[in-house]
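Heads up: the structure comes next, in structure tokens.
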Amino acid sequence: MTATTPENGLRTRLYRLARGSVISAIVLGLAGAGAGSAFAATDAESEGSSIDLLVSAGVRGTVAPGAATTASITVQNDSRTELSSGRVTVELNRTPLTDEAAVSTWLDEADATGGFEQLGSETTAPVDAEGSVTSSLFLPPEVLGDLAPGVYPLRATLSGAQTDAQDDARSVTSTTVLVVTAAANPPIAVMVPITATPDNGALLTADELTALTAPDGALTAAVEGVRGTSAILAIDPAIPAAIRVLGSSAPQSAREWLRLLDALPNERFALQFADADATTQAQAGLPTLLQPTTLAPFLNPSNFTEPTDETPTPTPTATAEPTPASVPTEGAVPSEGTAPTPAPTPSDEPTSPPTDGPVLPDDAGLTAIEGTTPGILWPRSDVSAADLDVFSTYMSDGAVTVLSSSAIEGAVGAHAGVDGRSVLVTSAAASDALSQAAGEDDTAARQQWLAEASAHISLTGQSNPTAPLLIGLDRDETRTAEALREAVASVDSLGFGLAEVLAVPETPATLSTDPDQARATALQRMLESEIVLGDFSTILDDSQLLLSPKRIQIMRATAVGLTEKGFDDAVSDVNIATTETLNAVDIPPASTIQLLSANADLPFSVRNDLPWPVNIQLSVKPSDPRLDVQSVTPWTIQPGTTTRVKVPVSARVGSGEVTLTLSLSSPTGVPISQPESVRVSVRAEWEAIGLGVFGGLIVLLLGLGIIRTVRRRRREAIAENEQETTSESDAVEEMNE
């Protein structure tokens, strides 16, 4: 994206799409050999009644002096009823548009000096509902006459056509331009950014890579669209990193795409990882450019058991393991207007496991891009001279910054010098028009933007005929190969690329921008939250499992290609994700616990919604000395679970209500979540009472047993005595007999 041109381009496009009659939407232009310009207007009052008229002349809106040309007219009926025939009249204003402001005024407001004369007219055929028809209007050499080289207003009017839903026919007038070419344009180089944004804010997933590198995928379109051109590629290193971290599990189409990218002969340079904006970082006061803390958490060793074609060789290192985010002094707050210190970014940390396991690539190998030109930054263009000075400290060999001409005062070529800093200058107006063309799927509508780009290039050539021109396409991740190829090929000077632009002598220039600190302030706050997360991450065995994706998400939130709304949404997503992470581990509220024993293990619940095990220390502090509690209990909570942590307690003499204050901390003592209070009803004396009652029952039962035994034995003794007496009596009687 080049400075404010995306917003200007969108404004222009919406204005043109909205202009026209209240009944039909029409796009007009002149074309030959299947190329030209187009314009669209929209029916704002009749639902389902939309008509487009696409017209182009010459080659992408251009024609040689004194030459004949052909106007190709396409009427597209998007309404639900048939469109009747009408008549298109084409008129030319022979007073040329002298500068880019005049071109914009004409295209946006249909305002131009001078009068119009008719070049010709053509009757259009009826158009079926949701159909289109194309016709041609030949313009002989004498029609254009002796027009001098320049850019001329062209106007077309459709009249007499109506649908069944209309009561009467109404005319619509549309505007475009006709460029009469002079000598060959100055050499032109085109820069094409290749970026891809994942849905989760970290790295592209295997499914996303499969879609992006499919035959109709956006990354495939980017490679196919620049094939055979001299386009300068600006590549986000997060894309090859996303492919390489998957190892053998990477989609075959993604590996093949990376091979095709490496094989392209086009000059290239690396954007910052995730296309993070260097301007925002400089204005936030960062001493170095942000980098991923490490990509090691994205590596799965099982995917690197066998070498693959896209597995880079690890770079030998001898540094310590990655250091988690620094923990600030308690109570310390960054001074207002200064940038917080982000978590350390160990770019050379070892990522390889022990020698008896698979060899894993390091960060340098994962993000490597073949054949890049070093030292080039392509940030947002709302920079200051101080920012350029900071850029030079970001790059070890000095920085060459790509800026839009909207940030530069006066007319300069493609290579400028601002206070001794080297700057590549993209033509704002031409870049915007060509970016719109490269993103336009409709062939006829695409010609409008190509014609407008031709007009801006022609006017630039008139003002500075010897200076080369640099065009930078916007960040756009939805282009088709056909649209990108036609846009680049329409202006690309084969053999003229980055090296040639850098070899052009610098033209002294000054900046005309008014930097906005809103993005820098938002970045400072995100980095402050990263420090908090660094403290929080000490509950993990490997803090980088949390910090690495978070750093990438923050970098993506500052991406150059984000609109203002996109930036606000991305920052909001970062803040929401941070809050959710910090709240993912806590102590759920608990009801009152009844303690009826002098010694027991009280269970307290701890919730972990993170996808990794966490190591916590549960601290318990009683409000009354009648309860003796183990003050700190370490525990490991498994991912996605709520676990009961058992804490030994002892009740002393007495009973009553005791409040326990529960708090969590990491093994290093960092507080986690908010403390919770649990009420414990202590009734420890009931244990002694219960034992007394139980003992009494036992004594009673024993006594009753003894009594029963004694009584039984007495009965048995009496019975035994009676039996003996009877036996003796019987014996005496027998003796007497």
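The analysis underlying the following values was restricted to heavy atoms, covering all of them including side chains, and did not include hydrogens, waters or symmetry mates.
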Stepwise side-chain contact (heavy atoms from CB on, under 4.5 Å) check, D275 with W378: CA-CA 9 Å; D275 195 25; W378 190 1; over 6 Å; no

Okay, side chain of [X], backbone of [Y]: is any donor-acceptor separation there less than 3.5 Å?
X    : Y    : answer
N608 : I637 : yes
T280 : T558 : no
T393 : V390 : yes
T372 : A270 : no
E676 : P589 : no
T213 : T220 : no
R556 : A570 : no
S572 : D568 : no

Between [Y] and [X], is there a side-chain donor-acceptor contact under 3.5 Å, judged purely by atom types and distance?
X    : Y    : value
T636 : N615 : yes
D387 : Q283 : yes
Q617 : T633 : no
Q544 : T293 : yes
D476 : T478 : yes
T538 : S666 : yes
Q291 : Q272 : no
E477 : T195 : yes

Considering non-hydrogen atoms only, spot the tightest contact between [X] and [Y] and give its length.
X    : Y    : answer
D474 : S435 : N-OG, 2.8 Å
F391 : A278 : CE2-O, 3.4 Å
A557 : F567 : O-CD1, 3.0 Å
E440 : A483 : O-CB, 3.4 Å
L246 : S249 : O-OG, 2.6 Å
T581 : L533 : CG2-CD2, 3.9 Å

Verdict with reasoning, K565 to D569, per salt bridge (Lys or Arg N to Asp or Glu O under 4.0 Å): CA-CA 6 Å; K565 182 180 185 304; D569 291 344; 2.8 Å; yes

Nearest-0.5 Å distance that lies between atom [atom1] in [X] and atom [atom2] in [Y]:
X    : Y    : atom1 : atom2 : result
I369 : I194 : CD1   : CD1   : 9.0 Å
K550 : S548 : NZ    : OG    : 12.0 Å
F604 : L662 : CZ    : CG    : 5.0 Å
L377 : Q281 : CG    : CD    : 9.5 Å
L204 : N200 : CG    : CG    : 8.5 Å
E530 : S537 : CD    : OG    : 9.5 Å

Pairing residues for R607 by the salt bridge (charged side-chain N to carboxylate O under 4.0 Å, His left out) criterion, not counting sequence neighbours: D586, D609

Worked verdict on E486 versus R446 for salt bridge (Lys or Arg N to Asp or Glu O under 4.0 Å): CA-CA 9 Å; E486 183 175 3; R446 191 183 308 143; 2.6 Å; yes

Q252 CD: over 12 foreign heavy atoms closer than 6.0 Å: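 For Q252, atom CD is crowded (more than 12 foreign heavy atoms under 6.0 Å).
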
Residue E370 excluded, over 12 heavy atoms near CD under 6.0 Å: no

Audit row: L523, R525, side-chain contact (heavy atoms from CB on, under 4.5 Å) steps and yes/no: CA-CA 5 Å; L523 175 58; R525 291 172 179 169; over 6 Å; no

side-chain contact (heavy atoms from CB on, under 4.5 Å) evaluation trace for L295 with F273: CA-CA 12 Å; L295 297 177; F273 193 97; 4.2 Å; yes

Derivation and outcome, salt bridge (Lys or Arg N to Asp or Glu O under 4.0 Å), residues R519 and D277: CA-CA 10 Å; R519 293 200 178 203; D277 179 30; 5.3 Å; no

Test log, rule side-chain contact (heavy atoms from CB on, under 4.5 Å), inputs L203 and V245: CA-CA 9 Å; L203 292 184; V245 296; 4.1 Å; yes

Could you list the donor-acceptor pairs under 3.5 angstrom formed by side chains in residues 223-243, with sequence neighbours left out?
unit_1: E224; atom_1: OE1; unit_2: R227; atom_2: NE; d: 3.3
unit_1: E224; atom_1: OE2; unit_2: R227; atom_2: NH2; d: 3.0
unit_1: T229; atom_1: OG1; unit_2: V226; atom_2: O; d: 2.7
unit_1: T229; atom_1: OG1; unit_2: A231; atom_2: N; d: 3.2
unit_1: S230; atom_1: OG; unit_2: G495; atom_2: N; d: 2.9
unit_1: D236; atom_1: OD1; unit_2: A238; atom_2: N; d: 2.9
unit_1: D236; atom_1: OD1; unit_2: A274; atom_2: N; d: 2.9

